[in-house]
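Okay, structure first, notes after.
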Amino acid sequence: MAKSRSTFVCQNCGAVTNRWQGRCDSCQEWNSIVEEDAGPPTAIRAHRGRAFALEGLSGEGRAAPRIVTGIAEFDRVTGGGFVHGSVTLLGGEPGIGKSTLLIQACAALARRGARVIYISGEEAVAQVRLRAARLDLADASVELASATQVEDILATCSTGKRAALIVIDSIQTMHTETVESSPGTVTQVRASAQALLRHAKHSGSSIILVGHVTKDGQVAGPRVVEHMVDAVLSFEGDGAHHFRMLRASKNRFGATGEIGVFEMTGLGLAEVANPSALFLAGRDAAAPGAAVLAGMEGQRPMLIEIQALVAPSSLGTPRRAVVGFDQNRLAMILAVLEAHGGLKLGAHDVYLNVAGGMRADEPAADLAAAAALVSSLTGAPLPPRQVYFGEIGLSGAVRPVIHAGLRLKESGKLGFSSAVLSQLQQLNDEDKSAGVTPRPLTDVGALVAEIARSATRRREGQHQDIA
Ligand code: TYD
Ligand code: MG
């Protein structure tokens with residue numbers, strides 16, 4: 001028998017070397033290389049290929065049949081349901097709610113009469129049952145098992161009626177007999193995923209693989225799994241807050257811009273059809289330092305509140321702290337406000353927070369952040385029914401951003417009456433019909449001047465009250 005070879009595989013990026021080393025040359029991660037058994041060397045045989053027919057782009061193509069779960073926020077992200085025979089990877093941090101989401105999706109599908117199999121490699125059947133009972137899903141005819149052996153799982157799934165959906169929770173716990181390394185290693189994860197992928201294509205069942213993520217948010221194990229599967233979804237959220245967001249970073253059967261919003265409740269994940277209302281709930285519109293951003297999450301408009309606090313500092317080097325916002329962008333906005341807005345912020349601490357545990361990463365958030373900062377510094381609250389969106393350039397100019405129409409429509413729907421935006425923002429008649437008055441700005445100087453004017457008016461008003 002041929003002697004088996006050892007290879008050394010980086011558990012972070014999947015790079016293969018022929019000797020152990022402390023740091024991976026390819027991804028620079030320390031201590032990530034593990035020895036794995038590559039199996040006996042395959043004999044290389046000269047193989048003459050058979051020619052096959054090539055085809056043109058036009059021709060018969062059917063729309064892929066889809067399995068609709070009935071959970072609208074989920075179906076929206078997959079592009080209208082799972083495609084038969086497709087494999088989807090669902091990544092997310094531990095405890096974020098992946099298993100909860102999937103057991104709910106399985107139950108919803110089973111209640112529509114489909115055969116659904118849920119394989120847990122992490123929890124015992126009793127644990128899954130307990131959760132299902134708590135979520136009031138115990139009556140759904142989901143077929144459960146706790147197993148980790150891929151060959152056994154595939155044999156089980158191949159008997160009986162074809163399953164519409166098979167959930168594998170999680171791919172890191174699976175192992176296949178075709179390779180010898182231990183579960184969770186790159187080789188095992190890759191081989192298990194490959195076997196499951198073959199089963200999906202062959203049987204037409206749709207498979208969802210749950211994947212753990214590393215501390216920097218990537219699906220742990222080899223990136224190759226992401227390349228193999230048809231769709232990659234990630235389930236995100238802030239542990240301290242209740243809302244969760246499902247987004248697609250890859251989808252061979254649909255767009256990737258859609259996001260789904262859920263709220264974790266005592267009874268599992270509830271769909272949030274109107275996230276803007278959730279994020280703006282409990283807002284104190286009369287307080288200075290808060291601006292509403294008409295933002296976008298993928299293709300979906302979302303209004304979120306950006307809060308700023310600018311206060312005189314007692315420190316030699318004033319503090320600049322952000323939550324849900326990029327530190328470098330804040331530094332840039334402050335520099336532009338000083339250089340082109342005439343503000344003096346060198347002796348002030350600056351805090352910027354995006355309410356509700358959201359992140360505002362798009363450039364369109366610049367204008368809302370700037371408005372919140374100026375409002376906090378001057379003590380003048382911003383008009384309560386006004387939204388902001390626009391990018392700020394280093395020259396101080398306010399620049400147009402994409403999806404102005406969607407942003408205005410969402411603002412109108414939530415009762416906002418005006419929107420501060422770039423003067424260069426192109427608006428068509430439909431955009432203007434949202435009932436939100438555009439208030440175009442050329443640069444940050446104009447923004448500062450306007451907020452300062454309202455601060456002066458406010459002070460004069462107060463003096464009159466006293467007099
Ligand atoms: P879970 O689905 O097990 O997370 P994952 O599979 O991503 O690791 O979710 C676990 C968390 O969700 C747990 O910490 C408690 C919370 N949770 C609720 O708040 N309400 C519920 O109804 C359920 C089932 C879980
Ligand atoms: Mg889980």
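Order of appearance sets the numbers: ligands from 1, and atoms from 1 within every ligand.
By the 4.5 Å heavy-atom criterion applied to side chains, S182 and T185 are counted as neighbours. Proximity of L135 to I103: side-chain heavy atoms (C-beta onward) are separated by under 4.5 Å at one or more points. The shortest distance between side-chain heavy atoms of D230 and T88 does not fall below 4.5 Å. Side chains of Q425 and V401 form a contact here, defined as non-hydrogen atoms less than 4.5 Å apart.
Contacts between V210 and ligand 1, counted as non-hydrogen atom pairs separated by less than 4.0 Å, are absent for every part of the residue. Contacts of S99 with ligand 1, taken as heavy-atom pairs under 4.0 Å, involve both backbone and side chain.
Under the 4.0 Å distance rule, the nearest protein heavy atom to atom 16 (C) of ligand 1 falls inside the cut-off.
Checked by atom type and distance alone, the side chain of D169 never pairs as donor or acceptor with a backbone atom of S120 at under 3.5 Å. Not a single donor-acceptor pair under 3.5 Å links the side chain of R115 to the backbone N or O of V142. Under a 3.5 Å cut-off, the side chain of Q104 and the backbone N or O of L269 do form a donor-acceptor pair. Judged by distance alone, the side chain of S376 and the main-chain N or O of V310 form a donor-acceptor pair under 3.5 Å. Side-chain N or O atoms of Q188 include none that pairs as donor or acceptor with a backbone N or O of V186 at under 3.5 Å.
By the 6.0 Å and 45° rule, R385 does not stack over the aromatic ring of F416.
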Show me the side-chain donor-acceptor pairs of residues 278-296 shorter than 3.5 Å, one per line, residues at least two apart or across chains.
unit_1, atom_1, unit_2, atom_2, d
R283, NH2, P384, O, 2.7
D284, OD1, A286, N, 3.3

Could you pull out every donor-acceptor pair under 3.5 Å between side chains of residues 319-326 and any protein atom, sequence neighbours left out?
unit_1, atom_1, unit_2, atom_2, d
R320, NH1, H348, O, 2.6
R320, NH2, L345, O, 3.2
D326, OD2, R329, N, 3.3

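Close approach of ligand 1 to P94 (heavy-atom distance below 4.0 Å) involves ligand atoms 8 (O). In summary, the atoms of ligand 1 found under 4.0 Å from a heavy atom of L135, numbered by their order in the structure, are 22 (O), 24 (C). Within ligand 1, counting atoms from 1 as listed, the ones closer than 4.0 Å to a heavy atom of E93 are 7 (O). When each atom of ligand 1 is checked for a heavy atom of G266 under 4.0 Å away, the hits are 22 (O).
Annotation: side chain to side chain donor-acceptor pair (under 3.5 Å) contacts involving residues 297-306, sequence neighbours excluded, comprise E73-R300, R247-E297, E305-Q307.
Not a single heavy atom of E122 sits under 4.0 Å from any atom of ligand 1. The closest approach between any non-hydrogen atom of G92 and ligand 1 is not below 4.0 Å. Under the 4.0 angstrom criterion for non-hydrogen atoms, I103 is not in contact with ligand 1.
Within the protein, the N, O or S atoms lying under 2.8 Å from the Mg ion (ligand 2) are S99 OG.
Looking only at heavy atoms of the protein, atom 2 (O) of ligand 1 is closest to T100 OG1, 2.5 Å. Looking at atom 3 (O) of ligand 1, its nearest protein heavy atom turns out to be R131 NH2, 2.8 Å. The shortest contact between atom 22 (O) of ligand 1 and any protein heavy atom is with G268 N, 2.8 Å. The protein non-hydrogen atom at the shortest distance from atom 18 (C) of ligand 1 is M264 SD, 3.5 Å. Atom 20 (N) of ligand 1 has its closest protein heavy atom at T265 O, 2.8 Å. The protein atom (non-hydrogen) at minimum distance from atom 23 (C) of ligand 1 is R134 NH2, 3.7 Å. The shortest contact between atom 13 (C) of ligand 1 and any protein heavy atom is with G95 O, 4.5 Å. Atom 4 (O) of ligand 1 has its closest protein heavy atom at G97 N, 3.1 Å.
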Assess the residue pair T265 and E263 against the criterion (side-chain hydrogen bond (donor to acceptor under 3.5 Å, both in side chains)); give the C-alpha distance rounded to whole Å, side-chain angles, the decisive distance to 0.1 Å, and a yes or no. CA-CA 6 Å; T265 68; E263 190 178 0; over 6 Å; no
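Between K98 and E93 there is no salt bridge, since no side-chain N of the basic residue sits under 4.0 Å from a carboxylate O of the acidic one.
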